[in-house]
Amino acid sequence: MDKPNQNEFKPKIVGFLCNWCTYAAADLAGSSKMEIDSALTVIRVMCSSRVDPNLILTIYFNGADGILIAGCHPGDCHYGKGNYFTRRRYAQMKQVFETLNLDPGRLQLSWISAAEGNRYAEVVNAFTEKITALGPNPINQSSLF
């Protein structure tokens, strides 16, 4: 068996997962023994709308290579309109990234329901591949990890 390359880039991705939908999907994917890349550090939030834009920037500026926000599908939020607020904040954060000349591709929003364990695995693995292809965070001065 080949040894992994010591210099191979392994991205550091932070995922904010809605407690009611996406976190449950992650649990389903795990209990179903689906292959999910280990680059994602999960932070469970009660609603995707609770992810503060300042927190996203802080995490990015402290070394995260990518940030995933995932919540209930629009119209299915446990708190009514939370994911609509998330969608609006996400659009604003993409503009902030572009204004600061940061790669907005390092930030992703996905809607994943509790029954979509397969989709959760696909989203995490695809985002990890995308971030791996982009390479390390160019701002990576210090790291939280």
For the [atom1] atom of [X] and the [atom2] atom of [Y], what is their distance to the nearest 0.5 Å?
{"X": "Ser110", "Y": "Leu17", "atom1": "OG", "atom2": "CG", "result": "10.0 Å"}
{"X": "Leu109", "Y": "Ser48", "atom1": "CG", "atom2": "OG", "result": "7.0 Å"}
{"X": "Ile36", "Y": "Glu122", "atom1": "CD1", "atom2": "CD", "result": "11.0 Å"}
{"X": "Lys12", "Y": "Thr128", "atom1": "NZ", "atom2": "OG1", "result": "14.0 Å"}
{"X": "Asp76", "Y": "Asn83", "atom1": "CG", "atom2": "CG", "result": "7.5 Å"}
{"X": "Ile67", "Y": "Gln108", "atom1": "CD1", "atom2": "CD", "result": "12.0 Å"}

For a 4.5 angstrom cut-off between non-hydrogen side-chain atoms, does [X] reach [Y]?
{"X": "His73", "Y": "Glu116", "value": "yes"}
{"X": "Arg88", "Y": "Ser49", "value": "no"}
{"X": "Tyr90", "Y": "Val51", "value": "no"}
{"X": "Tyr23", "Y": "Cys18", "value": "no"}
{"X": "Asp27", "Y": "Tyr120", "value": "no"}
{"X": "Leu107", "Y": "Ile56", "value": "yes"}
{"X": "Leu40", "Y": "Phe127", "value": "no"}
{"X": "Phe16", "Y": "Arg50", "value": "no"}

Spell out, as yes or no, whether a donor-acceptor pair under 3.5 Å connects the side chain of [X] to the backbone of [Y].
{"X": "Ser113", "Y": "Cys72", "result": "no"}
{"X": "Asn125", "Y": "Glu35", "result": "yes"}
{"X": "Ser31", "Y": "Leu28", "result": "yes"}

* **side chain to side chain contact (heavy atoms under 4.5 Å, CB included) assessment of Arg87 paired with Trp111** => CA-CA 10 Å; Arg87 187 168 47 192; Trp111 307 123; 4.1 Å; yes
Please check if [X] and [Y] belong to a single hydrophobic cluster, counting links between Ile, Leu, Val, Met, Phe, Trp and Tyr side chain heavy atoms closer than 4.5 Å.
{"X": "Leu55", "Y": "Phe97", "value": "yes"}
{"X": "Leu100", "Y": "Ile59", "value": "yes"}
{"X": "Phe85", "Y": "Leu57", "value": "no"}
{"X": "Val96", "Y": "Tyr60", "value": "yes"}

* Are the charged groups of Lys94 and Asp103 less than 4.0 angstrom apart, N to O? -> no
* Let me see the working for His78 and Trp20 under ring pair (Phe, Tyr, Trp, His ring centres under 6.0 Å), right down to the final yes or no. => CA-CA 7 Å; His78 187 78; Trp20 304 104; 4.0 Å; yes
* Pick one: which of Asp37, Thr132, Asp65 meets side-chain hydrogen bond (donor to acceptor under 3.5 Å, both in side chains) with Lys10? -> Asp37
Considering all heavy atoms of both residues, which atom of [X] and which atom of [Y] are nearest to each other, and what is their separation?
{"X": "Ala25", "Y": "Ile112", "result": "CB-CG2, 3.7 Å"}
{"X": "Pro136", "Y": "Arg106", "result": "O-NH2, 3.2 Å"}
{"X": "Ile131", "Y": "Pro11", "result": "CG2-CB, 3.6 Å"}
{"X": "Gly82", "Y": "Cys77", "result": "N-SG, 3.5 Å"}

* Verify side chain to side chain contact (heavy atoms under 4.5 Å, CB included) between Ile13 and Thr41, making sure each step is shown before the conclusion. => CA-CA 6 Å; Ile13 301 172; Thr41 299; over 6 Å; no
* To do: With side chain to side chain contact (heavy atoms under 4.5 Å, CB included) as the test, would you mind laying out the steps for Val14 and Leu68 before giving the verdict?
  => CA-CA 6 Å; Val14 175; Leu68 172 67; over 6 Å; no
